[in-house]
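For reference, positions follow the sequence shown, starting with 1. No experiment lies behind these values; they were computed from the predicted model shown.
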Amino acid sequence: MLWAQVAIGKTYLQLKDYEKAISVAKKTLKRNRFNADAHDILAQAYQAITSGEKALEAIKEAIKLSPYSLPRHFKACEIGRDNEDLLLAASSSLAIWDLSKRTVHKNSLHWCGIIRSYLDIAEFAEDKKQRNKYQQEALLTLQRGKFDDHLQKIDRDFDISIFGKIVNARISAIDGKLIDAKRHLALSQNLLDEKYTDVPTAYIPDSINVMFKLGEFDDAVQLTALLESRDDELDQNSASMLRKQSQDAQKSLASYQQFNREGIQHYQEKDYERAKASFALAQGFAPVNTGVALNLLQCLLQIAVKEGKADANLINECKRLFKLIDDMTLKAPYKEKYVNLRDELSQYIGF
């Protein structure tokens, strides 16, 4: 009985006995090569034993045989992302939206997933032409969303214009325009705080993506913790993307935290030159991080006070840091600290 063999194969998957799962799935396919569930089992088992190419081949075959399964497309997104087949992830993201929007599984998060998948392709594109192509696809999808009746009926409280600012932040980050990305992101987060008591899940995955790119690790960790507290709301596609990105960012996050801690310790010991060096190293891993920029400015102020003047190098460094923060929408504690530092440094630097 094929259904029983499929059930046994799925049970072996749950037991993490992947070789037996593969064996059962292959026997099932010998009897019926059109059994999509058996291909699903193969895909998941091969992925678990890091046979990525075989996993991709199996999940693509399963989709070809049975293209109307939401769980299958979610799994395809996960396997595609893990094996850098972002085109598969994009096509399945589109299928997830098309399949879910008329069902009880409808969610604006699935529509956001289409745009996210296009931006993922753009981010890892080998040439500028392909990057531009998928950035434009993302922007076109965003534009069409303004006139999508299904999206508006699914989530009347979803604000496409705010999500558009997050998308623009991602595009700027992909293009290496980190200050522009920071400006778009800061504006979007401020608008979210003004409009919602609790930030809806749909906006969070791409916000975290940009935060990691900019080195705003503290904000990224805070939003990640918020998502974990409402884990049932996050779809598998978004969870897979965030899990991979978090893993990729761990080394940079650890280095940033280490050097930032060292800088704070040196500053408290009034060793401002060493504090400056440590904060500069932290900034190497968090290029436009607001907290680190303010810490550096604070060190430069103390050095200027100690010497009673600001030399050319110090002035140039201050101007570079001011450029990272000026005209940004800052959180209240950062804003107060920035205004105070700017006023004090103005005694040594001509703006």
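A donor-acceptor pair is defined here as one N or O able to donate and one able to accept, closer than 3.5 Å; no such pair exists between the side chain of S172 and the backbone of A169. With hydrogens and angles ignored, the 3.5 Å screen pairs a side-chain donor or acceptor of T11 with a backbone N or O of A7. Using modelled atom types, one side-chain atom of S100 and one backbone atom of I96 make a donor-acceptor pair closer than 3.5 Å. Looking at K182, its side chain does come within 3.5 Å of a backbone N or O of V288 through a donor-acceptor pair. In this structure, S252 contributes its side chain and A249 its backbone to no donor-acceptor pair below 3.5 Å. Looking only at distances, a side-chain donor or acceptor of E216 sits under 3.5 Å from a matching main-chain atom of T290. Judged by distance alone, with hydrogens and angles left aside, the side-chain atoms of S117 form a donor-acceptor pair with the main-chain N or O of I114 at under 3.5 Å. With hydrogens and angles ignored, the 3.5 Å screen pairs no side-chain donor or acceptor of Q5 with any backbone N or O of M1. D326 places no side-chain N or O within donor-acceptor distance of the main-chain N or O of F322, the cut-off being under 3.5 Å. N289 places a side-chain N or O within donor-acceptor distance of the main-chain N or O of G215, the cut-off being under 3.5 Å.
Taking the side chain to side chain contact (heavy atoms under 4.5 Å, CB included) definition, one finds that K129 meets it with D127, sequence neighbours left out. The side chain to side chain donor-acceptor pair (under 3.5 Å) search around T103 returns none, not counting sequence neighbours. Here F217 pairs with Y256 under the ring pair (Phe, Tyr, Trp, His ring centres under 6.0 Å) rule; sequence neighbours left out. Residues passing the side chain to side chain donor-acceptor pair (under 3.5 Å) test with K75, sequence neighbours excluded: E78. With sequence neighbours excluded, the residues forming a side chain to side chain contact (heavy atoms under 4.5 Å, CB included) with N107 are L109, H110, listed by chain and number. Residues meeting the ring pair (Phe, Tyr, Trp, His ring centres under 6.0 Å) test with H39, sequence neighbours left out: none. When the side chain to side chain contact (heavy atoms under 4.5 Å, CB included) test is applied to K133, no partner is found at least two apart in sequence or on another chain. For the side chain to side chain donor-acceptor pair (under 3.5 Å) test, residues two or more places apart in sequence or in another chain that qualify with D219 are K331. For the side chain to side chain contact (heavy atoms under 4.5 Å, CB included) test, residues two or more places apart in sequence or in another chain that qualify with D175 are R131, Q135, I171, K177.
Taking CZ of F74 as the reference point, atom OG of S240 lies at 11.5 Å (rounded to 0.5 Å). Atom OG1 of T28 is separated from atom CD1 of I8 by 8.5 Å, given to the nearest 0.5 angstrom. How far CG of L296 is from NZ of K276: 8.0 Å, rounded to the nearest 0.5 Å. Put simply, CD1 on I166 and CG on L192 are 5.5 Å apart, with the number rounded to the nearest 0.5 Å. Rounded to the nearest 0.5 angstrom, D155 CG and H150 NE2 are separated by 15.0 Å. The NZ atom of K10 sits 8.5 Å away from atom CD of Q44, with the distance rounded to the nearest 0.5 Å.
In this structure, Y18 belongs to a hydrophobic cluster whose other members, linked by side-chain heavy atoms under 4.5 Å apart, are V6, L13, I22, L29, I41, L42, Y46, I49.
Applying the 6.0 Å contact sphere to CZ of R33 captures no more than 12 heavy atoms from other residues, nucleotides or ligands. Crowding of Q257 atom CD: a count of heavy atoms from other residues, nucleotides or ligands under 6.0 Å exceeding 12. Heavy-atom contacts from other residues, nucleotides or ligands closer than 6.0 Å to CD of Q14 number 12 or fewer. Within 6.0 Å of atom CD in Q130, more than 12 heavy atoms from other residues, nucleotides or ligands are found, so the atom counts as buried in its surroundings. A 6.0 Å sphere centred on CD of E53 holds no more than 12 heavy atoms belonging to other residues, nucleotides or ligands.
Each of Y12 and L2 belongs to its own hydrophobic cluster when Ile, Leu, Val, Met, Phe, Trp and Tyr are linked at side-chain heavy-atom distances under 4.5 angstrom. L242 and I79 fall into different hydrophobic clusters, where Ile, Leu, Val, Met, Phe, Trp and Tyr side chains are chained together by heavy-atom contacts under 4.5 Å. Cluster annotation: F163 and L226 are assigned to the same hydrophobic cluster (Ile/Leu/Val/Met/Phe/Trp/Tyr, side-chain heavy-atom contacts under 4.5 Å, transitive). The cluster map of Ile, Leu, Val, Met, Phe, Trp and Tyr, joined by side-chain heavy atoms under 4.5 Å apart, puts V339 and I325 in different clusters.
Checked against S91 for a side chain to side chain contact (heavy atoms under 4.5 Å, CB included), the options L87, L88, L94 give a single hit: L88.
Taking the charged nitrogens against the carboxylate oxygens, D149 and K153 have no contact shorter than 4.0 Å, which rules out a salt bridge.
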Indicate every side-chain donor-acceptor pair of residues 58-71 with a distance under 3.5 Å to a residue at least two apart or in another chain.
unit_1 : atom_1 : unit_2 : atom_2 : d
K60    : NZ     : D85    : OD2    : 2.9
S66    : OG     : R72    : NH1    : 3.0
S69    : OG     : R72    : N      : 3.3

With a 3.5 Å cut-off and sequence neighbours excluded, list the donor-acceptor pairs that the side chains of residues 265-275 form with protein atoms.
unit_1 : atom_1 : unit_2 : atom_2 : d
Q265   : NE2    : E269   : OE2    : 3.4
Y267   : OH     : Q302   : NE2    : 3.4

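Within the 4.5 Å cutoff, the side chain of I160 has heavy atoms near those of the L151 side chain. Residues R81 and D120 form a side-chain contact, since some pair of their non-hydrogen atoms from C-beta on lies under 4.5 Å apart. Looking at D206 and I115, their side chains never come closer than 4.5 Å, going by heavy atoms from C-beta outward. Put simply, the side chain of L142 reaches to within 4.5 Å of the side chain of W111, judged on heavy atoms. A heavy-atom distance below 4.5 Å is found between the side chains of L300 and L321.
Defined by atom type and a distance below 3.5 Å, a donor-acceptor pair is present between the side-chain atoms of K337 and N295. Between S93 and R116, the side chains place no donor N or O within less than 3.5 Å of an acceptor N or O (distance only, hydrogens not considered). Checked by atom type, the side-chain pair N190/T329 shows no donor-acceptor distance below 3.5 Å.
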> Going through the distances and angles, do Y203 and D159 end up as a side-chain hydrogen bond (donor to acceptor under 3.5 Å, both in side chains)?
Replying inline: CA-CA 9 Å; Y203 300 102; D159 193 320; 5.5 Å; no
>> Let's go through E262 and Q258 carefully: what are the C-alpha distance in whole Å and the side-chain angles of both, what is the deciding distance for side-chain hydrogen bond (donor to acceptor under 3.5 Å, both in side chains) to 0.1 Å, and is it a yes or a no?
In response: CA-CA 6 Å; E262 288 176 5; Q258 176 192 338; 3.3 Å; yes
